[in-house]
Amino acid sequence: RLHDDPQIVDVLGSDLTWARGVVFVAHCRTCKADYYPDRITFKSEPGKRLQRLDYDAKTLRISKHGLWCDRRVARMQESGIREFRAGFSNFANWLNQVVPEGPRITYRQSQRLFMEHFACRLLVAHGHSETFTCATNLKTASFAQAVRAVIGTNGGRIVRSLHHGCADCTHVKRYRADLV
């Protein structure tokens with residue numbers, strides 16, 4: 001857009017250093033869609049906008065105030081939550097200690113980082129990546145509800161995984177008779 005000023009943002013890179021960045025929003029004059037680095041917003045009906053996620057986005061917006069994180073930081077967080085049973089606030093505290101200079105990550109921003117990243121993974125795993133849309137600029141809890149409304153049917157199960165079991169996976173408890 002020629003009439004919009006570029007937005008100056010802080011980006012936490014994969015090397016855990018903060019950098020200044022500039023976000024330019026691409027705009028289609030025909031369909032009135034806005035293309036952000038991690039999502040596309042578009043008009044669905046008069047006065048209402050929806051968003052579609054970009055599942056291969058390199059950076060994710062975690063704050064409306066201009067904080068973005070590289071997707072590799074989100075993968076670190078996912079691994080920390082899974083392997084160390086860390087919470088959102090624990091990850092935010094750890095990240096703030098590891099990266100002492102630059103903006104501080106809050107609990108809510110840490111939660112948003114996880115939701116943005118993991119929602120994309122869930123939607124792809126459940127085969128809803130092409131059809132998922134939700135309202136723009138939702139709060140984290142509302143965004144989670146929108147994702148759960150799409151994948152939560154049938155208990156949120158991935159049907160293909162119900163018939164799979166091996167020693168390296170978590171699976172339904174097996175009895176000695178089943179192992180023979």
Side-chain angles (χ1 to χ4, degrees), residues 7 9 11-12 14 23 25-28 30-92 105-166 168-172:
Q7 182 184 4
V9 296
V11 181
L12 181 61
S14 61
V23 174
V25 179
H27 180 72
C28 178
T30 306
C31 67
K32 307 294 188 223
D34 292 330
Y35 293 85
Y36 294 87
D38 63 341
R39 70 193 72 236
I40 301 166
T41 64
F42 56 94
K43 283 187 176 185
S44 64
E45 55 189 58
K48 188 172 181 183
R49 291 190 72 79
L50 293 178
Q51 72 178 6
R52 182 171 291 135
L53 301 176
D54 180 1
Y55 298 95
D56 296 323
K58 182 173 170 38
T59 56
L60 300 170
R61 186 183 74 166
I62 61 170
S63 171
K64 291 180 184 177
H65 305 291
L67 290 183
W68 293 70
C69 280
D70 191 281
R71 186 174 288 278
R72 290 184 199 150
V73 176
R75 286 191 204 127
M76 278 190 269
Q77 182 187 33
E78 179 187 353
S79 180
I81 287 173
R82 185 181 63 245
E83 299 295 331
F84 301 126
R85 312 257 191 268
F88 302 126
S89 61
N90 293 339
F91 183 78
I105 297 291
T106 66
Y107 160 78
R108 288 177 187 256
Q109 292 164 348
S110 176
Q111 184 180 22
R112 185 65 185 202
L113 175 65
F114 182 80
M115 282 307 303
E116 288 283 336
H117 168 69
F118 202 65
C120 288
R121 288 183 40 108
L122 284 174
L123 290 166
V124 168
H126 285 270
H128 295 290
S129 58
E130 296 298 321
T131 59
F132 176 75
T133 58
C134 64
T136 59
N137 298 324
L138 290 176
K139 293 183 178 182
T140 304
S142 301
F143 179 68
Q145 287 175 349
V147 171
R148 187 172 187 283
V150 172
I151 65 168
T153 59
N154 199 13
R157 295 186 200 125
I158 301 174
V159 178
R160 295 180 305 238
S161 69
L162 295 177
H163 304 292
H164 174 77
C166 67
D168 296 329
C169 296
T170 58
H171 48 75
V172 178

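Being a predicted model, the structure only gives us computed values, none of them experimental. When a residue number appears, it is its place in the shown sequence, counting from 1.
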Closest non-hydrogen atom pair between Arg71 and Ala57, with its separation: NE-O, 2.8 Å
Heavy-atom pair of closest approach, residues Leu113 and Ala74: CD1-CB, 3.7 Å
Distance in Å, Met115 CE paired with Ser142 OG, rounded so as to fall on 0.5 Å steps: 10.5 Å
Gln77 side chain to His117 side chain, donor-acceptor N/O pair below 3.5 angstrom: no
Thr136 OG1 to Arg52 CZ distance, which is reported to the nearest 0.5 Å: 13.5 Å
Phe42 CZ to Lys32 NZ distance, which is reported to the nearest 0.5 Å: 15.5 Å
Heavy-atom pair with the smallest gap, counting every atom of Ile105 and Ser110: CG2-N, 4.0 Å
Pair Phe91-Val73, side-chain contact (heavy atoms from CB on, under 4.5 Å): steps then yes or no: CA-CA 11 Å; Phe91 183 78; Val73 176; 4.3 Å; yes
Sole residue of Lys64, Arg61, Arg39 in side chain to side chain donor-acceptor pair (under 3.5 Å) with Asn137: Arg61
Backbone N/O of Ser129 and side chain of Tyr55: donor-acceptor pair under 3.5 Å: yes
Within residues 62-90 or reaching into it, pairs that qualify as ring-ring contact (aromatic ring centres under 6.0 Å, His included) - sequence neighbours excluded: Phe88-Phe114
Point-to-point distance, once rounded to the nearest 0.5 Å, from CZ of Arg112 to CG of Leu67: 13.0 Å
Shortest non-hydrogen contact from Asp54 toward Pro37: OD2-O, 3.6 Å
Reported OG1-to-CD distance for the pair Thr59 and Glu116, which is rounded to 0.5 angstrom: 10.5 Å
Point-to-point distance, once rounded to the nearest 0.5 Å, from SG of Cys134 to CZ of Arg49: 13.0 Å
Side-chain heavy-atom pair Arg108, Thr140 within 4.5 angstrom cut-off: no
Minimal non-hydrogen separation, Met76 against Ser14, with atom names: CE-O, 4.4 Å
CD (Glu130) with more than 12 external heavy atoms under 6.0 Å: no
Closest non-hydrogen atom pair between Asp70 and Lys58, with its separation: OD2-NZ, 3.0 Å
